[in-house]
Protein chains: 2
Amino acid sequence: MTQMTIGRLSKAAGVKVTTIRYYESIDLMGEPDRSSSGQRLYGDEAVQRLSFIRHARDLGFPMEAVREMIDLQTQPDQDCTAVDAIAREQLADVRKRLTQLEALEAELKRMITCCEGGRVDTCRIISTLNDHSECIADAHERLSTF
Amino acid sequence: MTQMTIGRLSKAAGVKVTTIRYYESIDLMGEPDRSSSGQRLYGDEAVQRLSFIRHARDLGFPMEAVREMIDLQTQPDQDCTAVDAIAREQLADVRKRLTQLEALEAELKRMITCCEGGRVDTCRIISTLNDHSECIADAHERLSTF
DNA sequence: CTTGCCTCTATAGTCGCTGTAGACTGTAGG
DNA sequence: CCTACAGTCTACAGCGACTATAGAGGCAAG
């Protein structure tokens with residue numbers, strides 16, 4: 001199976017047809033061959049590239065980084081310091097997001113332990129959101145439930 | 001200082017002027033008073049509401065949830081089960097994202113330990129992105145660096 | 001009075017897609 | 001061969017949550 005239509009490629013790579021065309025339009029995929037009637041025809045390397053893109057995106061790499069890495073792949077004789085740098089940057093970013101999310105988790109737990117099913121006007125979640133500095137002291141003992 | 005212009009509100013609440021007007025346009029803020037020349041004039045409760053919105057957004061609450069909570073605040077005599085439910089949902093979501101990010105961190109670490117500054121065509125980061133199932137075995141011993 | 005910042009409205013642009021419309025193509029069954 | 005029907009084509013609009021721009025008018029200090 002050397003040539004496949006966009007729909008088959010879509011299934012093979014797990015990327016929607018419209019998204020593939022979109023990637024083409026922003027020059028992430030080269031221009032594919034066309035059948036006599038104008039339908040796009042792809043080879044297996046298109047599956048590779050799409051999986052690469054999708055995987056990188058799943059890992060949270062920004063589009064720009066993906067593009068850079070793809071460009072680098074077209075010059076395979078260079079050293080890969082640049083690729084390494086991109087990955088390290090991404091790792092740092094992920095770490096930052098992890099820290100933020102952890103703080104966030106703690107705060108949400110706190111909010112929830114503070115809400116005891118009263119009325120909205122005394123609700124601790126609401127007041128926590130209104131004023132960041134509330135309801136910390138008495139939360140600690142109840143956190144185990146979460 | 002009972003009435004302030006949008007710029008002062010912006011500074012007081014840490015939300016950009018344009019964003020405030022945007023929130024007004026999507027009915028998150030009520031219509032403010034206007035000066036004789038048509039400039040928006042806000043009271044302190046606007047600072048409250050904006051901080052609430054910003055804080056909730058920082059915590060990752062979706063806009064829709066923010067809107068719901070604001071609506072609930074206008075009916076302060078109801079019980080706050082709904083608010084609690086929203087917060088719990090958000091907590092579950094945060095947990096999910098945490099798990100994903102942790103997996104992601106692990107994979108990025110793996111990718112980086114595998115990349116030894118060779119050439120792009122042998123770069124393990126690139127090949128990891130191309131094919132998910134590589135380069136796991138020999139990574140473990142070097143992970144400590146990260 | 002002028003300078004310079006603030007505010008106004010309305011509109012377009014951002015990112016990373018997704019969805020739509022309306023036409024054409026390719027294929028399988030009868 | 002004809003008919004269905006699924007797949008494909010282009011071009012463009014829409015999404016969320018803002019951000020930026022243009023061009024006009026407002027306000028306070030020097």
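Note on naming: letters A, B, ... go to the chains in the order of the sequence lines (proteins, then strands), and numbering restarts at 1 for each one.
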*In plain terms, say whether Asp58(B) and Arg54(B) are close enough for a salt bridge, that is, a side-chain N and a carboxylate O under 4.0 Å apart.*
yes
*asked:* Testing the basics here: between Met69(A) and Ala56(A), what is the closest heavy-atom pair and its distance to 0.1 Å?
replied: CE-CB, 4.4 Å
*What's the CZ-C1' distance between Arg40(B) and dC8(C), to the nearest Å?*
7 Å
*Quick one: is dC6(C) close enough that its OP1 or OP2 comes under 4.0 Å of any side-chain N or O from Thr5(B)?*
no
*Can you sort out which residues in residues 13-34 of chain A have a heavy atom within less than 4.0 Å of DNA chain D? Ascending by number, please.*
Arg21(A), Arg34(A)
_Quick check: do Arg40(B) and Leu9(B) have side-chain heavy atoms less than 4.5 Å from each other?_
no
Would you list the protein and nucleotides 23-28 of chain C atom pairs, both N or O, that sit under 3.5 Å from each other?
| residue | atom | partner | partner atom | Å |
| --- | --- | --- | --- | --- |
| dT25(C) | O3' | Ser37(A) | OG | 3.2 |
| dG26(C) | OP1 | Ser37(A) | OG | 2.7 |

*Please examine the side chains of Arg88(A) and Leu108(B), heavy atoms only from C-beta on, and report whether any two atoms are closer than 4.5 Å.*
no
_Does atom CD (Glu89(B)) have a neighbourhood of more than 12 heavy atoms from anything else shown, all under 6.0 Å?_
no
_Using every non-hydrogen atom in the two residues, find where Leu28(A) and Arg49(A) come nearest and quote the distance to one decimal._
O-NH1, 3.1 Å
*asked:* Tell me which one of Val15(A), Val66(A), Thr19(A) satisfies side-chain contact (heavy atoms from CB on, under 4.5 Å) with Ile53(A).
replied: Val66(A)
*Start with the C-alpha distance between Asp93(A) and Arg97(A), add both sets of side-chain angles, then the distance that settles salt bridge (charged side-chain N to carboxylate O under 4.0 Å, His left out), and finish with yes or no.*
CA-CA 6 Å; Asp93(A) 197 78; Arg97(A) 273 148 59 202; 3.0 Å; yes
*Do you know which two heavy atoms are closest between Tyr42(A) and Pro32(A), and how far apart they sit?*
CE2-CB, 3.5 Å
*If you take all heavy atoms of Asp27(A) and Arg67(A), which pair is closest and at what distance?*
O-NH1, 3.7 Å
*Give me the first and last nucleotide of DNA chain D, going 5' to 3', that has any atom under 4.0 Å from a heavy atom of chain A.*
dT8(D) to dT10(D)
